[in-house]
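By convention in this document, chain letters (A, B, ...) are assigned in the order of the sequence lines, proteins followed by strands, and residues within each chain are numbered from 1. As the structure is a prediction and not an experimental result, all values here were calculated from the model.
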Amino acid sequence: MTLQEQIAYLTKGCVDVVRESQLRAKLERAATSGDRLIVKVGFDPTAPDLHLGHTVLLRKMKHFQDLGHRVIFLIGDFTGLIGDPTGRSKTRPPLTREQIEENAETYKKQVFKLLDPESTEVGFNSGWLRALGSEGWIRLAARYNVAQMLERREFRQRYDAGRPIAIHEFLYPLAQAYDSVHLRADVELGGTDQLFNLNVGRDIMPAWDVEPQVVMTTPLLVGLDGTEKMSKSAANYVGITEPPAEMFGKIMSISDELMWSYHALLTDLSLAEIESLSARVASGAAHPKQVKIDLATRIVTDFHSAAAARTAAEAFERRFGRREVPTDADERLVAVPGDGRRLTAIMVDAGLAQSGAAATRVIAQGGVRIDGERVGDRFRVVAADQPPFILQVGRRALRIRPGSAGATASPDGDPADVPGAENAVSARAVKPGGR
RNA sequence: GGCGAGGUUGCGGAGCGGUCAAACGCAACAGACUGUAAAUCUGUCGCCCAAGCGGCUUCGGAGGUUCGAAUCCUCCCCUCGCCA
């Protein structure tokens with residue numbers, strides 16, 4: 001790759017690159033001396049559950065690895081150990097050493113789906129930040145001033161509005177900046193919301209006679225709904241540990257417009273390739289659906305395998321293209337007593353309906369099928385000895401295996417299912433049981 | 001600390017003693033159309049059932065007034081403005 005190609009590859013999709021000329025210089029120097037650039041990316045030590053939004057950044061890290069550079073996956077455990085009361089509403093309790101270790105392991109498991117474990121170094125910043133001591137911290141703090149801090153829009157707004165800014169909030173960017181000093185980072189990557197923090201690193205590095213890092217930010221990925229940024233709480237995300245079929249289906253559900261930014265941020269296609277694709281769709285030479293299928297296939301391949309992606313694509317086509325009954329649905333064992341069980345109850349059990357009333361409604365609306373046949377009877381009963389069947393509710397489908405009541409049946413509400421649980425927890429605080 | 005406004009079913013937001021499970025919009029879900037895209041149209045959108053002018057639990061929390069309360073009273077909790 002020529003230098004120019006390298007720069008194009010590395011900056012593809014980035015929102016900010018401060019500065020490209022310096023990146024060029026560093027790359028040039030690395031090429032001649034044979035040194036590798038040190039690329040630093042910081043992560044929260046809180047429990048990670050990564051989705052495609054996070055992978056935009058991971059992918060950028062991978063690009064640097066592809067070109068042979070050293071990527072440091074830095075876990076910001078220092079602040080995690082202290083606990084951060086910034087979130088005005090809820091105070092974040094300090095994490096224990098064990099929790100942080102555990103989270104780090106979870107991170108690795110997910111992150112290495114994209115990154116090369118061989119050339120990824122995982123680090124923790126508590127070591128050197130602790131070692132700074134009070135004196136060191138004061139010296140560090142002396143390197144920055146309030147006016148500079150207020151350049152950060154969020155601080156500026158709060159300051160102007162007369163809302164409080166705790167002093168320690170000024171300390172976090174400094175801590176992050178000092179990480180760069182310590183690691184002698186050549187490049188620091190982050191989301192666009194990190195721009196300020198990354199630049200603080202740039203600013204203070206010369207005070208330690210370290211060449212300023214190049215700062216590069218990646219955009220926030222828009223979620224499946226096409227409006228909000230992808231996030232777990234907005235329920236518009238694709239988790240990177242989701243099964244292939246699920247992942248494929250979710251990607252197919254995005255709008256045509258959105259798929260271009262997904263191409264740019266979630267694949268390694270070059271901008272030129274994406275543009276030509278887009279042009280072919282615009283001219284009618286390519287069908288947008290096919291382009292989207294290719295996109296979904298690429299993404300599923302990244303997190304699973306080419307074979308899994310192919311299977312998912314075929315199943316998708318059979319099911320939605322030709323409207324066949326899905327054969328690859330996940331199987332769910334549902335307790336059915338000897339005298340049978342109402343279909344509505346089974347739907348709730350399997351997580352295909354929120355309540356019996358909701359299940360009844362979907363049936364009334366013609367949204368429920370058993371082995372492809374529409375169910376019209378809301379009192380339908382499933383017998384205990386019935387062989388497994390495919391239950392479709394709207395766009396979702398599961399293979400239901402009726403099981404003997406003894407083993408799995410629980411007398412009242414059955415928390416057997418995981419899917420509903422997360423909603424239930426967030427929904428309301430624990431109430432003492434009524435009556 | 002003082003004064004003012006307010007907390008309603010996922011969100012926004014009506015309701016201000018019975019006809020309120022609570023208007024309307026958004027989101028969501030199902031159906032039609034389709035490419036599980038978009039747009040559009042139709043329907044649904046607290047829970048339970050034997051499904052009905054049916055039962056039950058909801059309108060920040062706890063009490064109270066009343067035949068009857070989301071609506072009135074008391075206390076408490078929380079949020080948001082303005083002033084100090």
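- Nucleotides B:A69 and B:C59, compared at atom C1', are 11 Å apart to the nearest Å.
- The CG atom of A:L224 sits 15 Å away from the C1' atom of B:A27 (whole-angstrom rounding).
- Taking the ring pair (Phe, Tyr, Trp, His ring centres under 6.0 Å) definition, one finds that A:F124 meets it with nothing, sequence neighbours left out.
- The shortest side-chain heavy-atom distance between A:H263 and A:V291 falls under the 4.5 Å cut-off.
- Evaluation of the salt bridge (charged side-chain N to carboxylate O under 4.0 Å, His left out) test over residues 239-248 of chain A, restricted to residues two or more places apart or in two chains, returns A:E242-A:K250.
- Using a 4.5 Å cut-off on side-chain heavy atoms (C-beta onward), A:E314 and A:R318 make contact.
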Are there any protein N/O atoms within less than 3.5 Å of an N/O atom in nucleotides 31-33 of chain B, and if so, which ones and at what distance?
none

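- Comparing A:I254 and A:R378, the nucleotide of RNA chain B nearest to each residue sits closer to the 5' end for A:I254.
- Screening A:R332, A:R341, A:R401 for a salt bridge (charged side-chain N to carboxylate O under 4.0 Å, His left out) with A:D349, the sole residue that qualifies is A:R341.
- No more than 12 heavy atoms of other residues, nucleotides or ligands shown are found within 6.0 angstrom of NZ on A:K109.
- Comparing the same atom, C1', in B:C16 and in B:C33 gives a spacing of 45 Å after rounding to whole Å.
- One interatomic measurement links the two molecules: CG of A:D256 to C1' of B:G35, which rounds to 8 Å at whole-angstrom precision.
- You'll find the side chain of A:R24 reaches within 4.5 Å of the side chain of A:Q4, heavy atoms only.
- Contacts with RNA chain B (heavy atom under 4.0 Å) in residues 277-290 of chain A: A:H287, A:P288, A:K289, listed by number.
- Qualifying side-chain contact (heavy atoms from CB on, under 4.5 Å) partners for A:R143, counting only residues two or more places apart in sequence or in other chains: A:I204, A:A207, A:W208.
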Could you list, one pair per line, each protein nitrogen or oxygen that sits under 3.5 Å from a nitrogen or oxygen of nucleotides 45-49 of chain B, together with the distance?
unit_1	atom_1	unit_2	atom_2	d
B:C47	OP1	A:S355	OG	2.8
B:C47	OP2	A:R361	NH2	2.7
B:C48	OP1	A:G356	N	3.1
B:C48	OP2	A:G356	N	3.4
B:C48	OP2	A:A357	N	2.7

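- A:K292 has a carboxylate O that lies under 4.0 Å from a charged side-chain N of A:D256, or vice versa, which qualifies the two as a salt bridge.
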